[in-house]
Amino acid sequence: MKYGVQLYSLRETAGRDGAEEVLRRVSEAGYDGVEFAGFYGKTPEEMKALLEKYRLVGISAHIRPEAIEESLPFIDALGIKYVFIPWVGVAEFEEPEKYAALIESTKKAKAILDARGVGFGYHNHAHEFENGRDYVGKILKDVDGLKAELDVFWATVAGLDAVEKMRELKGKLSFVHIKEAAKENAREAAQPVVGEGAVDMPAVFDEANRQGIEWAVLEVEKFPCGEEEYLRRSLENMKKFGK
């Protein structure tokens with residue numbers, strides 16, 4: 001298994017110190033690659049040079065379907081192999097006209113990515129699963145070949161067993177977002193170091209290995225300690241679980 005970081009996690013560092021400092025921290029902590037959430041105003045060539053400098057793989061990116069075409073120079077230059085829809089609000093699922101537009105744009109984007117051999121999928125939050133919903137299952141059913149990137153934190157916040165959801169998604173699960181959940185007030189509290197919270201991370205990694213999932217992608221929204229310490233300690237635990 002390989003280990004990456006969703007760069008949204010380091011948005012404050014990026015805003016303060018820039019893209020190169022973000023990639024330096026990820027590299028020095030020992031990760032193999034990154035998942036982009038924007039490209040920091042760099043050109044594709046500039047970003048490729050930074051990835052090469054810090055020996056990182058640009059494995060994936062979070063991009064809305066309607067922004068795929070304008071992002072192709074980055075997808076192509078960086079060798080990105082997977083793209084995930086980062087967010088769809090409840091209204092886009094529940095209002096027929098909005099949902100029809102979402103499905104149309106998603107199918108169009110998928111065709112473009114298919115032609116490049118790039119996988120396309122959906123990244124969840126909690127609202128897709130709350131109140132008896134399964135909007136992830138809905139969009140995966142309505143767009144043939146669309147995959148999932150299950151965020152185990154948000155699945156937990158929604159009241160699901162993250163490992164059971166991984167099993168339900170078998171065959172459609174490309175990546176797992178490794179995001180820990182606090183044992184109390186998980187939605188609002190800082191995320192603990194991976195393996196020190198409410199998510200059964202050993203079981204998550206066991207299931208990921210059973211399904212042959214190649215990448216575990218760390219994400220954190222609220223750090224409980226310094227960023228560099230968090231990256232290092234979380235990776236140490238993930239490597240233990242991922243064996």
Side-chain angles (χ1 to χ4, degrees), residues 1-40 47 50-51 53-62 82 84 86-87 123-126 149-158 162-163 166 175-209 213-243:
M1 182 175 284
K2 297 178 182 178
Y3 303 90
V5 177
Q6 162 53 253
L7 294 181
Y8 177 78
S9 306
L10 299 169
R11 59 199 178 278
E12 293 184 6
T13 295
R16 183 179 62 247
D17 301 321
E20 183 163 359
E21 176 62 16
V22 167
L23 297 179
R24 184 195 68 77
R25 290 190 180 196
V26 171
S27 177
E28 290 190 358
Y31 289 84
D32 303 297
V34 295
E35 180 175 73
F36 288 98
F39 299 101
Y40 303 108
M47 185 55 71
L50 285 175
L51 290 177
K53 178 177 180 178
Y54 291 102
R55 301 174 302 282
L56 292 168
V57 176
I59 183 63
S60 55
H62 277 192
Y82 299 88
F84 298 101
W87 171 269
H123 167 267
N124 66 283
H125 290 76
E149 178 182 54
L150 185 70
D151 187 305
V152 299
F153 165 80
W154 285 119
T156 300
V157 168
V163 177
M166 289 174 67
F175 278 17
V176 180
H177 254 199
I178 303 300
K179 189 191 304 181
E180 189 58 270
K183 294 178 181 178
E184 297 183 6
N185 191 26
R187 189 185 294 267
E188 301 298 333
Q191 284 89 43
V193 168
V194 171
E196 298 179 7
V199 180
D200 187 351
M201 288 296 181
V204 166
F205 278 88
D206 283 347
E207 183 60 28
N209 281 327
I213 294 171
E214 184 180 5
W215 283 84
V217 179
L218 177 74
E219 186 179 38
V220 56
E221 297 190 25
K222 296 180 182 179
F223 286 90
C225 58
E227 290 179 354
E228 291 173 290
E229 177 187 352
Y230 188 93
L231 292 174
R232 176 181 53 78
R233 288 175 56 200
S234 288
L235 181 60
E236 288 173 358
N237 288 343
M238 289 194 292
K239 285 185 173 180
K240 292 175 186 175
F241 303 147
K243 288 182 180 179

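Starting from 1, each residue takes its place in the sequence as its number. This is a predicted model, so every value here is computed, not measured.
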How long is the gap from [atom1] on [X] to [atom2] on [Y], to the nearest 0.5 Å?
| X | Y | atom1 | atom2 | answer |
| --- | --- | --- | --- | --- |
| Phe84 | Asn124 | CZ | CG | 11.0 Å |
| Gln6 | Glu149 | CD | CD | 7.5 Å |
| Asn209 | Glu214 | CG | CD | 11.5 Å |
| Arg232 | Glu227 | CZ | CD | 14.0 Å |

Quick check: do [X] and [Y] have side-chain heavy atoms less than 4.5 Å from each other?
| X | Y | result |
| --- | --- | --- |
| Leu7 | Val26 | yes |
| Ile178 | Met238 | yes |
| Leu23 | Lys53 | no |
| Trp215 | Glu35 | no |
| Leu51 | Val57 | no |
| Leu235 | Leu218 | no |

So that I can tick it off, tell me whether [Y] and [X] are bridged by a salt bridge, with the cut-off set at under 4.0 angstrom between side-chain N and carboxylate O.
| X | Y | answer |
| --- | --- | --- |
| Arg24 | Glu28 | yes |
| Arg233 | Glu236 | no |
| Arg25 | Glu21 | yes |

Any idea which heavy atoms bring [X] and [Y] closest together, and the distance?
| X | Y | result |
| --- | --- | --- |
| Ala14 | Tyr40 | CB-CE2, 3.4 Å |
| Thr156 | Ala181 | CG2-CB, 4.4 Å |
| Val204 | Met166 | O-CE, 3.4 Å |
| Arg187 | Ala126 | NH1-CB, 4.3 Å |
| Leu231 | Ala29 | CB-CB, 3.8 Å |
| Val193 | Pro224 | N-CG, 4.2 Å |

Does Arg55 CZ have over 12 foreign heavy atoms under 6.0 Å away?
-> no

Glu229, CD atom: more than 12 neighbouring heavy atoms under 6.0 Å | yes

Does [Y] offer a backbone N or O that forms a donor-acceptor pair with the side chain of [X] under 3.5 Å?
| X | Y | answer |
| --- | --- | --- |
| Ser234 | Val194 | yes |
| Arg11 | Tyr8 | yes |
| Thr13 | Val22 | no |
| Lys222 | Glu188 | yes |

Within residues 18-37 or reaching into it, pairs that qualify as ring-ring contact (aromatic ring centres under 6.0 Å, His included) - sequence neighbours excluded =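 Non-adjacent pairs meeting ring-ring contact (aromatic ring centres under 6.0 Å, His included): Phe36-Phe39.
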
Could you tell me how the ring of Trp154 sits relative to the ring of His125: parallel (under 30°), tilted (30 to 60°) or perpendicular (over 60°)?
->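 If you compare the ring of Trp154 with that of His125, the planes turn out tilted.
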
Classify the ring geometry between Tyr230 and Phe223 as parallel (under 30°), tilted (30 to 60°) or perpendicular (over 60°).
-> perpendicular

Could you tell me which residues satisfy ring pair (Phe, Tyr, Trp, His ring centres under 6.0 Å) with Tyr3, sequence neighbours excluded, listed by chain and number?
->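 Partners of Tyr3 under the ring pair (Phe, Tyr, Trp, His ring centres under 6.0 Å) test: none.
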
Residues passing the salt bridge (Lys or Arg N to Asp or Glu O under 4.0 Å) test with Lys240, sequence neighbours excluded, are none

Give a yes-or-no answer on whether the side chains of Gln191 and Glu180 include a donor-acceptor pair shorter than 3.5 Å.
->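 Distance-only check fails for Gln191 and Glu180.
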
Check whether the side chains of His177 and His123 place a donor and an acceptor atom closer than 3.5 Å, and report yes or no.
->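 Note: His177 and His123 side chains meet the donor-acceptor criterion.
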
